[in-house]
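Structure first, commentary second.
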Amino acid sequence: MSAFLTYLVSGVAIGCTFALVASGFVMIHRVTRVVNFAQGTFAVVGGMTTASLLGRGLPHGVAEVLAIVVCGVVGLLVGAIAIGKPGTPPLASLIITLGLAIGAYGVEVVVFGDQPVSFAMARGATTLGGAHIQWQYFLVMGATLVTFTALALFFERTYVGKALTACSSNPYAARLAGISVLRMGLLAFALGGMLGGLAGVLITPLQPVSFDSDAVLAVNGFAAAIFGGLMRPGTALLGGLVLGVSESMVGGYVNASYETEVALALMLAIMVWRSARTPVSVEEAA
Amino acid sequence: MTGSVTDSATGRRTGRPTGRPGTRWVGGVAVLVVAAVTAVLPLVLSTSHLLVYTELLLAAVVTTGVSLLMGYAGQVSLGQAAFYAVGAYTAATMSLHGVPRLAGLACAPLVAGLLGLLVGVPLLRLRGHYLAFATLAFQLILLSVIGQQDSLGGDIGLRNLPRLGIGSHEITGFQGYAWVAWTALVVVMLVTRNVVRSRPGRGLRALATSETAAASSGVPVGRYKLVVFSLSASFAGLAGGIFAFFLTYIAPGSFGVLLSFQFVVMAVVGGLGTLWGPLVGATVITVLLQWLNGLGTQPGMPAYAPQVFSYAAYAALLVVVMLFLPRGLVAAGSDLYALVQRRLGRAPADETPPQGP
Amino acid sequence: MLQVTDLVVRYGSATALDGVSLHVDDGERVALVGPNGAGKSTLVNTLSGVVRPASGQVRIDGRLAHVPEGRQLFPELTVEDNLRLGAWRSGNRDPSRVYAVLPDLDRIRRQRAGTLSGGQQQMVAVGRALMADPDVLAVDELSLGLAPIIVSELADHLRALNREHGMSLLLIEQNARLAFHLCERAYVLESGRVTAEGSSDDLARSPEVARAYLGGITEQDGPDEPTAAPSAPSGWSSE
């Protein structure tokens, strides 16, 4: 029983980190219809920047916030290149973000080195129902809950949030209303960057990140995001949890090395299942 | 004067010279020259350069498939190295179990193509970014599975593979493999050319612009996409098979995600949906990477320099090409040629300006 | 108020507008009629800045709001949210001034725009444009897909807005009868060129226009008398 609980809690925590990465995907895609391949990169930059700042003596709290801001700026940069030029089709933007993610490898190696880094956040653990649970897990879950609530409120209640939704809902009408679809898109990228950075800040104490960790994070985040069709943050959270828990269970009870395969296979299955329900014409109109 | 055919469906240049009959021979001569030069090159290159050259040709073979898939069928594959790996492992395993090497080599594209067919059925229902991630996921899964099979050598891979040959005649020198790769590229390009020109091929080009439009004009969309996907997989498989015999050692690590990205970069830079684009793209990338590698290994450069340079090169190329030369170098080249012709006053008055992608 | 001079718009190598000139004075109601593909929507899109002209001039004194063809709402958002987003430019997000003019919208304010009927959606689209506090309202294909009685109600709202608030109106319409009914002056646009212009009365009587757009009415027929305005809160009176 305690083993089950351990796997469950760690699965939920990891799932929360996937959900945070996923929320960045959703934020950007919802507004710009672009799938941002560099979403994993934001997480890596977030984690590595925090570790670097902490190493230079900055206190906890300041280092994390600063790292997240940096990620927001990075997100803005990625967005500017990916969608800044008018008339760039979304698939071209995808390839551009892929290129930028690769370029980021180079920058990360130069700035942070090519070794994995980690740092400690919430230290220690507690016992719950016989299971050994790190405090960091609770921190991750709490932060995720707060973030997703804030996201939901942002989209449902604020004027800017509604304008962002309008941009993807009907870009033509948004333009007529005077909403700059480009500026909203850049805002979405900046927010997506910060969400990715937050994910990285929370993940790194759990598992070290290095410059090439972004692929696995991106794939998992994407898998979670497609639960909600890349449009709804709430479903992305659910997706993240499902993924995290399944991976954890498979890793614990079957074989640790099959974790990624499970996530990927699950993602493929979901994508194929969803596409069977959406005719191509609907997607093309999108 | 020589222009290029602009496909009315996609606005894309097919890279095939055409125009007034008297000038068509210019294109034909150019092709012969390129063929001759590339065939003769192995005789003059040093061993280390031959290694690079052979890998360049193999990359061009795979990229031809990628370009076909992306340019004509409008599908993005970020996991093509998976089929490269499948081809390599097929040829390697079969030859290690006593199957004649040429048979093993012949099976490589077949197995890869078959796998492409199987995988394509569910995956090709996805579009755009979904397909991109799905192919990436497929590659990661495949590599992980291979890495855990002891019968395939696990993470260490398969060593001491036999050299390509028949009976006791073996190809031992690098030159031989360069020519084998050259032949493969010629075969693959001919197949592509014929596929593109055929009636199904024209249906393919319609696919790249709009599936809905293509489907409503009676093009069996699903089947064509599947055939192209399978074909591109078999191209990659063929290259992989040659690769296995050439290097005599393969491991999952040789077929990473970055390799798949490299093929995409080559396809994009050269020009999607053009016949010569893959070779141009492969050449540009390979030469650039070699030069950067040389730069990065100069005394005084930090150890990570070559790696970082290659990342920067991929990034810069993808971004610049996507933003400013979305139809690739071949198209840009033919546009430039047409521009020069116009300036020199030799263009026919009714030449239409190039359409956007 | 709105002055268009020799406007030329191209899409690639096709010319959509070939030297179009027209004007709408303060407080006028002007119609632009023509068949499908004449370039009417292109013209409005150029006026609202979505399309860039190849040459020519557009001069607008004040603000122009564009009610697009086919409503073009934000379907997942509520009526009220749709209206409030219309105020992005003007900054005045309070929709009560629009509810005052279009009281039906107040009743459906919390409904999702995608669930509304065509007529309701059209009203929301107009209301959203009004939130920008425009000086000129350009309405593209008001009548498209709507029942005549709904169209009539909407037309009355527009006329009232014009009379009470002095808002100029540019009505782009395939339905020439509606156009001449509602507007005092009209232009005829065909294949990117203005082929006729004049007062609605004159155009309605012109045999060419009648043949092409009005199903061949005789010269004795003229535009109908305006119908009674719908009920409105106090402070408003119909003619």
Side-chain angles (χ1 to χ4, degrees), chain A residues 26-33 83-89 151-188 228-236 278-279 281-286, chain C residues 11-12 41-42 44-52 60 63-95 98 110 112-114 121-122 124-134 136-140:
Chain A
V26 168
M27 166 70 75
I28 291 174
H29 182 263
R30 193 184 159 106
V31 179
T32 65
R33 304 272 166 152
I83 62 167
K85 181 162 175 281
T88 314
L151 271 178
L153 285 174
F154 176 69
F155 281 122
E156 305 289 316
R157 295 287 162 88
T158 66
Y159 195 51
V160 179
K162 302 220 169 120
L164 282 175
T165 307
C167 284
S168 75
S169 163
N170 192 334
Y172 173 62
R175 241 184 114 181
L176 285 184
I179 301 174
S180 164
V181 175
L182 177 63
R183 256 188 239 156
M184 290 294 125
L186 291 176
L187 176 64
L230 288 174
M231 294 294 258
R232 292 190 290 279
T235 345
T278 318
S281 53
V282 170
E283 295 228 25
E284 246 175 29
Chain C
Y11 291 130
S41 287
T42 306
V44 203
N45 279 327
T46 314
L47 294 180
S48 56
V50 173
V51 171
R52 285 240 172 82
I60 305 173
R63 233 184 247 137
L64 180 139
H66 175 180
V67 181
E69 183 181 347
R71 272 72 79 183
Q72 303 283 4
L73 299 180
F74 306 118
E76 315 92 347
L77 300 178
T78 61
V79 167
E80 177 139 314
D81 284 334
N82 269 273
L83 293 179
R84 283 164 46 99
L85 283 174
W88 188 267
R89 273 204 189 98
S90 67
N92 183 356
R93 299 183 206 166
D94 186 358
V98 170
R110 298 219 187 285
R112 277 189 200 277
Q121 288 189 353
Q122 188 66 56
V124 174
V126 172
R128 184 180 59 183
L130 291 177
M131 290 288 288
D133 293 327
V136 184
L137 190 69
V139 185
D140 197 349

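A 4.5 Å side-chain heavy-atom check between Arg128(C) and Leu176(A) finds every atom pair outside the cut-off.
Closest approach of Ala129(C) and Ala65(C) over heavy atoms only: O-CB, 3.4 Å. Between Val124(C) and Leu83(C), the closest heavy-atom pair is O-CD2, 3.9 Å.
Residue contact with chain A, scored on non-hydrogen atoms closer than 4.5 Å, is absent for Asn82(C). Both the backbone and the side chain of Leu85(C) come within contact range of chain A, with heavy atoms under 4.5 Å apart.
Counting heavy-atom pairs under 4.5 Å between each of Pro68(C), Ala132(C), Ser48(C), Ser90(C) and chain A puts Pro68(C) at the top.
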Checklist entry - Under the side-chain contact (heavy atoms from CB on, under 4.5 Å) criterion, do Arg63(C) and Asp133(C) qualify, and how do the steps go? => result CA-CA 7 Å; Arg63(C) 233 184 247 137; Asp133(C) 293 327; 3.9 Å; yes
